Chemist: 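Got a structure for you, questions after.
It should be emphasised that the depicted structure is a prediction, and the values quoted were computed from it without experimental measurement. These values consider heavy atoms only, across backbone and side chains, with no hydrogens, waters or symmetry-generated copies. Order of the sequence lines sets the chain letters (A, B, ...), proteins ahead of strands, with each chain counted from 1.
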Number of protein chains: 2
Amino acid sequence: MAKHRLTNKYYYGTDRMLVAVDCIIFGFDVKAEQIKILLFPREIEPFQGSWSLIGSFVQKKEDIDKAAARILRELTGLDQVFLEQHKVYGHTNRDPGDRVISISYWSFIKIEGPDRSLIKDHNAEWFPVRNIPKLVIDHNQMVEDALSLMRKNARYLPIGFELLPEKFTLPQLLKLYQEIYQKPIDDRNFRKKILATGLLKKLDSKDKTSSKKGAFQYSFDQTKYEELLQKGFDIEFQ
Amino acid sequence: MAKHRLTNKYYYGTDRMLVAVDCIIFGFDVKAEQIKILLFPREIEPFQGSWSLIGSFVQKKEDIDKAAARILRELTGLDQVFLEQHKVYGHTNRDPGDRVISISYWSFIKIEGPDRSLIKDHNAEWFPVRNIPKLVIDHNQMVEDALSLMRKNARYLPIGFELLPEKFTLPQLLKLYQEIYQKPIDDRNFRKKILATGLLKKLDSKDKTSSKKGAFQYSFDQTKYEELLQKGFDIEFQ
DNA sequence: TCAAAAGTGTTGGGATTACACCCATGG
DNA sequence: CCATGGGTGTAATCCCAACACTTTTGA
């Protein structure tokens with residue numbers, strides 16, 4: 001009685017639908033001290049021309065993770081960057097064009113990383129997360145959800161690694177964390193904690209672009225990071 | 001050039017696929033002091049009769065969250081329980097029957113909650129998480145992933161609320177947490193911490209099923225829990 | 001020489017851990 | 001009366017937050 005309400009017996013006759021992936025691409029603008037998101041004008045109807053996350057339909061013979069990697073590569077030329085599945089958006093009426101299930105992915109890239117000509121081809125632009133325009137369908141919601149996850153999980157995520165350039169200074173890293181948590185962090189305590197993790201390698205060079213004295217540059221220790229990933233780590237600030 | 005590789009322009013001609021939801025239903029067997037998962041023998045080919053998570057295809061006019069709630073209700077009679085989306089499994093070859101994207105949901109229920117006749121109709125059984133049989137397709141992976149998320153996030157999750165009966169004792173709650181973390185927790189410190197949250201209401205009654213002295217019963221304060229959810233809370237043990 | 005950013009240590013308080021004994025009761 | 005599980009308090013330690021001044025150097 002309840003049994004025949006289980007609909008998975010219709011394996012060969014059941015509904016098929018469109019499946020899409022959408023990427024929320026985060027970058028950190030070191031000069032502006034702002035976290036930004038890469039958006040582009042949607043290329044198809046409905047909502048052609050409106051600002052949108054970068055997305056695509058998944059092809060029948062394509063893994064969903066591969067689809068996400070594909071569109072990221074198509075738009076930025078980047079491969080092998082942090083790109084993870086986040087959430088599925090599956091309301092029946094979310095897309096007026098058709099029933100579409102959309103899987104959001106989030107990605108952290110170095111803001112100087114993308115191939116400029118690809119960006120330009122697609123008329124893509126970086127928007128500060130505090131100032132995202134109206135986006136198509138439920139993409140604003142996707143961005144909100146991703147931001148809230150970022151704030152919740154920054155302590156466990158390789159945010160510094162992925163969002164900052166190869167060489168960076170401690171004041172830059174501090175500003176990134178302050179931007180994520182939207183609050184000031186004591187710089188002496190920050191230095192102690194972040195250096196204590198062993199994740200940073202101090203370089204001999206100095207970056208003098210933002211002060212006369214110059215700040216020492218650091219790079220991330222990938223090996224140490226992977227070691228910590230195993231043990232489970234946690235960097236918390238105040 | 002890169003532009004025409006963006007495939008989302010094929011909005012009306014692109015591939016459609018089957019979308020399924022699968023539920024990982026957790027319960028805590030207080031007597032056995034074990035976390036268990038509800039499984040049933042798959043009702044359709046391929047793999048008919050093999051142990052499987054509870055799942056179903058999503059219908060064209062059905063929200064994915066509704067689909068998950070529907071199958072949980074069909075199998076247990078339960079509604080309004082903790083049920084959250086977890087992860088999407090989308091490899092092209094995961095299901096030999098067809099291309100199927102599957103969205104896993106996880107749920108915490110009171111082990112005595114389900115309607116026994118529904119459970120029996122579907123030949124469903126509870127299996128301890130330490131002893132899950134071989135499941136169809138990638139369902140073992142889904143269980144692994146859910147367990148690892150549970151261990152990672154137990155501090156933020158309403159695990160006690162959902163997995164324990166309405167009235168429970170501190171020794172029972174302690175055993176639940178020890179089972180999750182797979183390590184002993186000092187009971188004096190545990191009591192201090194858990195009581196300090198204000199989440200528990202001490203009742204006058206005692207549960208004498210496991211000792212002659214009897215242990216005081218407690219219930220959860222839902223209001224307090226929702227208040228803490230806002231602020232973001234964190235219960236950590238050793 | 002001075003403005004502007006980088007860099008550096010210590011201390012008090014609060015939180016967490018470690019730890020051992022008494023209590024209540026049914027059989 | 002005793003075996004079994006329930007319940008309780010404190011001291012030592014560690015960790016973290018709070019806090020202000022010196023250094024460097026280009027303009």
Chemist: Among Y218(B), F28(B), F220(B), which one satisfies side-chain contact (heavy atoms from CB on, under 4.5 Å) with L173(B)?
Modeler: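 The option that passes is F220(B).
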Chemist: Take atom NZ of K183(B) and atom C1' of dT17(C), then tell me their distance rounded to the nearest Å.
Modeler: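 So the NZ-C1' distance, K183(B) to dT17(C), works out to 12 Å.
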Chemist: 5'-most contact on DNA chain C: K193(B) or D187(B), nearest heavy atom basis?
Modeler: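 Nearest-nucleotide comparison on DNA chain C picks K193(B).
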Chemist: Decide whether S205(B) and Q217(B) meet the rule of one side-chain donor and one side-chain acceptor closer than 3.5 Å.
Modeler: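 Their side chains do contain a donor-acceptor pair, which is all the 3.5 Å distance test asks for.
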Chemist: Which sits closer to the 5' end of DNA chain D, K192(A) or S211(A), going by the nucleotide each is nearest to?
Modeler: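 Looking at the nearest nucleotide for each, K192(A) comes out on the 5' side.
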Chemist: Quick one: K212(B) NZ to dG6(D) P, roughly how many Å, whole number?
Modeler: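 Checked: the NZ to P distance equals 12 Å.
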Chemist: What is the separation between atom CZ on F237(A) and atom C1' on dA17(D), rounded to the nearest whole Å?
Modeler: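 Interatomic distance, CZ of F237(A) to C1' of dA17(D): 14 Å.
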Chemist: In whole Å, I'd like the distance from the CD atom of Q172(B) to the P atom of dG5(D).
Modeler: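 Going from CD in Q172(B) over to P in dG5(D) covers 14 Å.
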Chemist: Once hydrogens and angles are ignored, does a donor-acceptor distance under 3.5 Å link the base of dT23(D) to the side chain of K206(A)?
Modeler: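 Flag unset: no donor-acceptor pair detected.
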Chemist: Using a heavy-atom cut-off of under 4.0 Å over every strand shown, decide if S210(A) touches base, sugar-phosphate, or nothing.
Modeler: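 Sugar-phosphate contact only.
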Chemist: In whole Å, I'd like the distance from the CG atom of N189(B) to the P atom of dG7(D).
Modeler: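 So the CG-P distance, N189(B) to dG7(D), works out to 16 Å.
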Chemist: When you compare the side chains of S104(B) and D22(B), does any donor N or O come within less than 3.5 Å of an acceptor on the partner?
Modeler: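 There is no such pair between these side chains.
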Chemist: What is the separation between atom CZ on F190(B) and atom P on dG6(D), rounded to the nearest whole Å?
Modeler: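 After rounding, the gap between these two atoms is 13 Å.
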Chemist: Using whole Å, what does the distance between atom P of nucleotide dT4(D) and atom CG of D207(B) come to?
Modeler: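 To the nearest whole Å, that distance equals 19 Å.
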Chemist: Which nucleotide, dG9(D), dA6(C), dA20(D), lies nearest any side-chain atom of R188(A)?
Modeler: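 From the listed options, dA20(D) comes nearest.
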Chemist: From C-beta outward on R191(A), which listed nucleotide comes closest to its side chain: dA6(C), dT8(D), dT25(D)?
Modeler: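 Ranking dA6(C), dT8(D), dT25(D) by closest atom to the R191(A) side chain puts dA6(C) first.
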Chemist: For a quick check, tell me whether the side chain of K213(A) and the base of dT8(C) share a donor-acceptor pair closer than 3.5 Å.
Modeler: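 There is none.
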Chemist: Can you measure D186(A) atom CG to dG7(C) atom C1' for me and round it to whole angstrom units?
Modeler: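 Computing the D186(A):CG to dG7(C):C1' distance gives 13 Å.
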Chemist: With a 3.5 Å cut-off and no angle check, do the side chains of Q141(A) and D145(A) form a donor-acceptor pair?
Modeler: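 A pair is found: one side chain offers a donor N or O, the other an acceptor, under 3.5 Å apart.
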Chemist: For the pair F82(B) and F161(B), evaluate side chain to side chain contact (heavy atoms under 4.5 Å, CB included) and give the outcome as yes or no after the intermediate values.
Modeler: CA-CA 10 Å; F82(B) 178 95; F161(B) 279 83; over 6 Å; no
